[in-house]
Protein chains: 2
Amino acid sequence: MAPGERRDAIVAAALAIARRKGLAATTVRDVASEMGTSSGLIHHYFDSMDDVLAAAFDRAASDDLARTTEAIAEGTDPVRKLVAFFDNYSVAGSDWTFQLWLDAWAEAGRRPAVGATSERLNIAWQQLLAGTLKEGVAAGVFDCPDPDATAWRIISLLDGLSLQVVAHQATLARETVSWWIRSYAETETGLAAGSLG
Amino acid sequence: MAPGERRDAIVAAALAIARRKGLAATTVRDVASEMGTSSGLIHHYFDSMDDVLAAAFDRAASDDLARTTEAIAEGTDPVRKLVAFFDNYSVAGSDWTFQLWLDAWAEAGRRPAVGATSERLNIAWQQLLAGTLKEGVAAGVFDCPDPDATAWRIISLLDGLSLQVVAHQATLARETVSWWIRSYAETETGLAAGSLG
DNA sequence: AACCTTGTTGCGCGCTTGTCCAACACCCGA
DNA sequence: TCGGGTGTTGGACAAGCGCGCAACAAGGTT
């Protein structure tokens with residue numbers, strides 16, 4: 001086994017648990033059990049459990065981001081790209097992935113390392129969307145005076161609504177949220193109602 | 001000491017700790033130590049720690065809600081009421097109150113009592129805004145086909161943007177967020193640009 | 001063959017958590 | 001004066017945590 005591969009396996013196992021139980025509830029023994037190894041092994045590759053969890057969150061968000069970036073890169077039609085963005089945004093996947101974001105946002109103000117990671121990834125998501133918008137504007141498909149600001153607003157509305165879906169499961173229906181977001185994005189980009197499905 | 005007063009003192013102590021360390025990191029012993037009493041006392045007034053944290057969060061958020069409700073009730077002009085709502089929404093006050101919301105959303109999935117409280121208060125805020133919108137519609141000032149849905153969207157955008165301000169302090173400026181929200185509310189209510197200041 | 005590095009094990013120490021409980025203090029009505 | 005709620009204490013408890021450590025396995029170097 002190549003060096004670093006074992007490390008990756010630990011992160012992957014930690015992530016699997018975290019998606020299932022939440023970041024805070026993921027323990028050294030959980031990870032070891034998931035891998036079928038001993039708990040001491042984890043400490044051989046990581047100085048502390050905090051480091052493992054930070055790496056797991058980083059990877060979860062990075063993976064989602066990479067997958068979404070790829071999905072967007074495939075098409076050429078700006079409208080399709082926008083749809084791909086919404087289909088891949090974190091809450092569209094597992095609820096626990098979004099729960100990871102909730103955990104990160106709550107801890108961001110108190111733990112600098114977590115805050116830096118979540119800020120970096122949040123900005124990366126915003127830039128992905130902003131880039132898509134800019135392409136659409138350049139192609140004459142979107143009418144959007146300030147794509148950067150629009151991207152922040154769309155992502156924030158998405159986060160705010162997703163938050164209700166994940167934290168309070170009965171308050172808002174997932175389909176309703178999806179519909180509202182698409183409508184809002186149409187307004188912000190000057191698309192005709194229903195363009196985003 | 002009047003009955004219930006001791007209970008309030010526990011809630012106040014728990015709130016003080018929660019603001020300092022976070023809702024999730026607040027322990028029975030922390031609260032007892034803050035009060036200068038024993039840990040057993042907390043369980044004499046509360047069935048579980050979950051209940052204590054829920055009560056602490058409840059108090060912080062309820063205070064904000066009551067203050068905002070009062071501020072809105074003072075005026076008669078729907079536009080002024082809407083402005084009052086934005087001026088009093090939690091992030092407009094102290095960052096630490098909004099930080100408690102972040103904590104509560106993250107903990108909602110793990111602590112049933114906290115989840116129920118945050119859901120209830122979220123809905124209360126939404127209804128306060130929805131009520132204001134409905135009044136405006138009845139008065140012919142707002143043009144808003146579905147005030148309930150609009151209220152959810154405005155609050156979610158507000159939460160999503162506030163989240164960035166509080167969790168990642170350098171990413172978005174508070175004034176920018178305030179401006180975006182007002183613009184969005186104008187769009188949703190058919191008000192002329194700049195009506196909300 | 002002897003040795004050292006590296007990977008891995010599994011146990012257990014020390015600590016913290018929420019919860020429970022027996023005991024004590026106090027005060028008010030009988 | 002007595003009795004019994006009520007408030008309060010402080011510690012015991014089991015469970016769970018991260019972490020360190022002595023020991024063993026295996027392979028490469030000398």
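FYI, side chains are in, hydrogens and waters are out, and symmetry mates aren't considered; it's all heavy atoms of this structure. Chain A is the first sequence line, chain B the second, and so forth, proteins listed ahead of strands; every chain is numbered from 1.
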Rounded at 0.5 Å granularity, tell me how far [atom1] in [X] sits from [atom2] in [Y].
X	Y	atom1	atom2	value
Leu157(B)	Ser162(B)	CG	OG	8.5 Å
Thr69(A)	Leu128(A)	OG1	CG	4.5 Å
Leu102(B)	Thr97(B)	CG	OG1	11.5 Å
Leu161(A)	Tyr184(A)	CG	OH	11.0 Å

Just how far, in rounded Å, is [atom2] of [N] from [atom1] of [X]?
X	N	atom1	atom2	result
Met49(B)	dT16(C)	CE	C1'	13 Å
Leu53(A)	dC19(D)	CG	P	10 Å
Phe46(A)	dT8(C)	CZ	P	13 Å
Leu41(A)	dT8(C)	CG	P	5 Å
Arg110(B)	dT17(C)	CZ	C1'	15 Å
Asp30(B)	dT17(C)	CG	P	6 Å
His44(A)	dG7(C)	NE2	C1'	6 Å
Ile42(A)	dG7(C)	CD1	P	14 Å

Any chance the side chains of [X] and [Y] put a donor and an acceptor closer than 3.5 Å?
X	Y	answer
Asn122(A)	Gln126(A)	no
Asp58(B)	Ser62(B)	yes
Arg174(A)	Ser178(A)	no
Tyr89(B)	Asp159(B)	yes

Among [options], the nucleotide that comes nearest once only the side chain of [X] is considered:
X	options	value
Ser48(A)	dT9(C), dG7(D), dC19(D)	dC19(D)
Val28(A)	dG18(C), dT9(D), dG18(D)	dG18(D)
Thr27(A)	dT9(D), dG18(D), dG18(C)	dG18(D)
Ser38(A)	dT9(C), dG7(C), dG18(C)	dT9(C)
Arg29(B)	dT8(C), dT17(C), dC17(D)	dT17(C)

- Message: So does Ser33(A) get a backbone contact from the side chain of Thr37(A), meaning a donor-acceptor N/O pair under 3.5 Å?
- Response: no

- Check: Cys144(B) main-chain N/O paired with Glu188(B) side-chain donor or acceptor under 3.5 Å: no

- Item | Presence of salt bridge, Arg67(B) and Asp87(B), under 4.0 angstrom | no

- Item | Asp103(B) with Arg110(A): basic N within carboxylate O range, under 4.0 Å | yes

For nucleotides 23-27 of chain C, list the nitrogen or oxygen atoms of the protein found under 3.5 Å from its nitrogen or oxygen atoms, one pair per line.
none

- Look at the side-chain N and O atoms of Arg6(A) and state whether any lies under 4.0 Å from the OP1 or OP2 oxygen of dT8(C). yes

- Message: Counting the atoms with a prime plus P, OP1 and OP2 as sugar-phosphate, which does Tyr45(B) contact under 4.0 Å by heavy atoms, base, sugar-phosphate, or nothing?
- Response: sugar-phosphate

- Sugar-phosphate means primed atoms, P, OP1 and OP2; the rest is base. With that split, encode nucleotides 20-27 of chain D 5' to 3' as B, S or - using protein heavy atoms under 4.0 Å. --------

- Message: Could you work out how much the helix from dA1(C)-dT30(D) to dA30(C)-dT1(D) bends, comparing the axis of its first five pairs with that of its last five, to 10°?
- Response: 30°

